[in-house]
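One-based numbering, in listed order, for ligands and for the atoms of each. These numbers were taken from a predicted model, which means no experiment stands behind them.
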Amino acid sequence: MPNRPIRREKLYINGEWIKASEYSNLLSPYDQELLAEIPLASVTEVTKAIEAAHGSREILRKMPAHERGAILERIANLIEEKFEVAAKIIALEAAKPIKTARLEVQRTIQTYKFAAEEAKRIHGETIPIDAAPGGENKIAFTIREPIGVVAAITPFNFPMNLVAHKVGPAIAVGNPVVLKPASQTPLSSFFLAQICEHAGLPNGGLNIVTGKGSTVGDVLVKSDLVKKITFTGSPAVGRSIRDKAGLKKVTLELGSNSAVILDKNVPLDKIIPRCVMGAFSYQGQVCISLQRIYVHEEVYEKFVDLFITETKKLKIGNPLNEDTDLSALISPDEITRVQALIHESVEQGATVALGGDNEDTILKPTILLNVPNTSRVSCQEVFAPVVVINKIASMEEAYRLVNESEFGLQAGIYTESIHTALNAAEQLHVGGVIINDIPTFRVDHMPYGGVKNSGMGREGVKYAIEEMTEMKLVVFNRD
Ligand code: NAP
């Protein structure tokens with residue numbers, strides 16, 4: 001039993017902290033310790049949150065850009081002041097190793113800073129309206145207006161920064177938000193609500209409703225007052241949201257089985273640590289986690305040997321330990337699911353070069369060789385510390401294998417040839433091609449999003465802002 005009082009969290013609606021009638025226990029993924037009691041919002045409470053957001057939209061809409069920017073700057077500064085508190089929240093609720101959790105907090109601060117800057121440059125364009133007969137003596141321009149209430153539904157794996165990718169752009173634009181964080185990682189969102197209160201965000205500008213995805217999510221997705229849904233999570237839930245959303249604008253940031261290609265003659269010593277990081281960072285529970293590695297046959301054996309050696313250096317353990325590289329999966333059930341996928345691939349001809357077994361809630365870093373591309377561990381999103389390393393004879397074969405996927409978020413290629421690099425950029429069917437780095441590369445202002453079943457729309461603050469605004473045309477007749 002924990003030796004500290006267990007906190008009963010509250011819903012955050014219209015600037016007030018509200019008790020719920022039902023609660024669920026939030027357990028640590030690492031040791032199942034009780035972390036907090038989390039309110040389960042009812043349909044009535046979610047509806048109140050949407051109405052509160054709707055009620056605040058005129059205040060936010062009329063707020064000048066410099067004030068919206070200043071609120072976002074204050075949010076960034078307040079998170080910076082509470083840096084260690086923030087990192088510990090992520091480490092506890094998500095079992096994210098503290099070193100990695102700190103990186104997430106750093107990125108969260110960056111994201112709000114980018115949002116503060118972007119708030120001041122939301123603009124339209126002038127249209128040469130006299131380019132068409134009938135357009136003489138007229139002036140035309142566009143403006144970008146806030147779309148209205150944004151429903152943000154977020155996953156467990158980056159509970160602070162992926163929330164920032166929705167809340168930051170929404171505030172930058174002047175849109176109120178109703179946020180539904182993942183049930184396993186609500187504490188990061190309650191932390192954010194406290195920060196927003198202190199930063200001076202008007203009541204109703206951010207509302208937080210926790211509870212079951214199906215209950216809370218459904219009310220948000222179907223409400224006529226919600227004008228935009230921004231969802232990050234699994235393809236199955238994303239698809240069901242799209243089906244129910246009607247004519248609302250929807251952004252979907254979904255999963256993938258990201259790949260990197262290694263050409264011959266590449267500097268393996270430099271590349272291996274990056275690939276190990278890409279495959280096993282946060283236990284592989286990253287949407288652009290490196291799941292498939294296609295290595296040219298000339299360097300394959302050497303790459304596999306070095307990769308195994310480097311992976312063996314990873315330390316597994318408690319997420320709060322300073323030297324932990326890899327900790328528990330998000331729930332104990334995940335071990336069973338992923339081990340079944342590993343066993344299935346072995347039956348289909350794969351070899352386990354390392355790992356496959358677990359230590360309590362931790363699945364050890366797992367390396368699989370010679371995996372058929374049709375095996376689920378290769379063609380589906382595994383979302384665990386499992387990487388497939390396969391041999392290729394040519395770059396064309398690699399492009400075909402990478403593209404033989406229902407997903408397309410990002411792909412990486414290491415090559416010393418400019419021609420190969422440009423060919424890869426052209427031929428890989430993904431949202432982002434990363435040349436001479438892993439597909440796991442992301443900074444928070446770049447356009448980010450997928451093709452195929454990896455989603456629709458783009459995030460990266462400026463691009464999310466485009467998706468959270470509506471273009472209005474103004475035509476001025478001078479006659
Ligand atoms: P998830 O199970 O799809 O959950 C995501 C969010 O959706 C949670 O808040 C969840 O609530 C909610 N939800 C569940 N059922 C719902 C429903 N019927 N209607 C509305 N909302 C519902 O995903 P996850 O396991 O948290 O996250 C992992 C997935 O996210 C992976 O597939 C990963 O690739 C993807 N991801 C993508 C990106 C990207 O940028 N492309 C980034 C990170 C993660 P509950 O928690 O209460 O179920």
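- Scanning the protein for heavy atoms near atom 35 (C) of ligand 1, the closest one is Gly233 O, 3.2 Å.
- Annotation: atom 18 (N) of ligand 1 to nearest protein heavy atom, Ser214 CA, 3.8 Å.
- For atom 40 (O) of ligand 1, the closest heavy atom belonging to the protein is Tyr448 CE2, 3.2 Å.
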* Under the salt bridge (charged side-chain N to carboxylate O under 4.0 Å, His left out) criterion, do Glu84 and Lys82 qualify, and how do the steps go? -> CA-CA 6 Å; Glu84 274 305 308; Lys82 295 200 178 296; over 6 Å; no
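- Contacts with ligand 1 closer than 4.0 Å are made by heavy atoms of both the backbone and the side chain of Lys180.
- Set against the non-hydrogen atoms of Thr232, the atoms of ligand 1 under 4.0 Å away are 5 (C), 36 (N), 37 (C), 38 (C), 39 (C), 40 (O), 42 (C), 43 (C), 44 (C).
- Ring pair Phe156/Phe383 is perpendicular by interplanar angle, where above 60° counts as perpendicular and below 30° as parallel.
- The nearest heavy-atom contact from the protein to atom 12 (C) of ligand 1 is Ile153 CG2, 3.7 Å.
- Compare Phe383, Phe407, Phe156 by their heavy atoms: the one nearest to atom 33 (C) of ligand 1 is in Phe383.
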* Would Asn257 and Gln291 satisfy side chain to side chain donor-acceptor pair (under 3.5 Å), going step by step from the backbone distance to the final call? -> CA-CA 6 Å; Asn257 58 346; Gln291 186 175 323; 5.7 Å; no
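- Checked by distance only, ligand 1 and Glu381 come closer than 3.5 Å through their nitrogen or oxygen atoms.
- For the pair Arg102 and Phe83, the cation does not sit on the ring face, since its NZ or CZ is not both under 6.0 Å from the ring centre and inside 45° of the axis.
- Taking every non-hydrogen atom of Ser234 and a distance limit under 4.0 Å, the qualifying atoms of ligand 1 come out as 1 (P), 2 (O), 3 (O), 23 (O), 29 (C), 30 (O), 32 (O).
- Scanning all heavy atoms of the two residues, the minimum distance from Ile71 to Pro202 falls at CD1-CD, 4.2 Å.
- For Leu254, every heavy-atom contact with ligand 1 shorter than 4.0 Å involves the backbone, none the side chain.
- The heavy atom nearest to atom 22 (C) of ligand 1, considering only Leu409, Leu252, Val216, Val237, is found in Val237.
- Counting only heavy atoms from C-beta outward, the side chains of Glu37 and Arg7 never approach each other to under 4.5 Å.
- With a 4.0 Å heavy-atom cut-off, ligand 1 is reached by the side chain of Asn157 but not by its N, CA, C or O.
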Could you give the side-chain donor-acceptor pairs of residues 231-243 under 3.5 Å, partners two or more places apart or in another chain?
{"residue": "Thr232", "atom": "OG1", "partner": "Lys166", "partner atom": "NZ", "Å": "2.8"}
{"residue": "Ser240", "atom": "OG", "partner": "Val237", "partner atom": "O", "Å": "3.0"}

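- Shortest non-hydrogen contact noted between Tyr463 and Met446 is CE1-C, 4.1 Å.
- Looking only at heavy atoms of the protein, atom 19 (N) of ligand 1 is closest to Gly213 O, 3.5 Å.
- Heavy-atom proximity to Gly211, at under 4.0 Å, picks out these atoms of ligand 1: 47 (O).
- Geometric assessment of Lys96 against the ring of Phe158 yields a positive cation-pi assignment under the 6.0 Å and 45° thresholds.
- Residue contact check: Gly255 has heavy atoms under 4.0 Å from atoms 32 (O), 34 (O) of ligand 1.
- The single protein non-hydrogen atom nearest to atom 47 (O) of ligand 1 is Ser183 OG, 2.5 Å, given as residue, atom name and distance.
- Geometrically, Arg442 engages Tyr448 in a cation-pi contact, judged by NZ or CZ lying under 6.0 Å from the ring centre and within 45° of the ring axis.
- Checking atom 4 (O) of ligand 1 against the protein gives no heavy-atom contact under 4.0 Å.
- Thr210 places a side-chain N or O within donor-acceptor distance of the main-chain N or O of Pro39, the cut-off being under 3.5 Å.
- Residue Pro181 touches ligand 1 through its backbone alone, judged by heavy-atom distances below 4.0 Å.
- Assignment of Phe158 to the shell around ligand 1 is not supported, since no heavy atom sits closer than 4.0 Å.
- Atom 27 (O) of ligand 1 has as its closest protein heavy atom Pro155 CB, 3.3 Å.
- Atoms of ligand 1 found under 4.0 Å from any heavy atom of Leu162 (numbered from 1 in listed order, with element): 42 (C), 43 (C).
- At least one heavy atom of Thr154 sits closer than 4.0 Å to an atom of ligand 1.
- Taking every heavy atom of both residues into account, Cys287 and Ser258 meet most closely at O-OG, 4.0 Å.
- Nearest approach of Pro365 to Leu314, heavy atoms of both residues: CG-CD1, 4.3 Å.
- A heavy-atom distance below 4.5 Å is found between the side chains of His54 and Leu225.
- With respect to atom 39 (C) of ligand 1, the closest heavy atom belonging to the protein is Cys287 SG, 3.3 Å.
- For the ligand labelled ligand 1, residue Gly449 lies outside the 4.0 Å heavy-atom shell.
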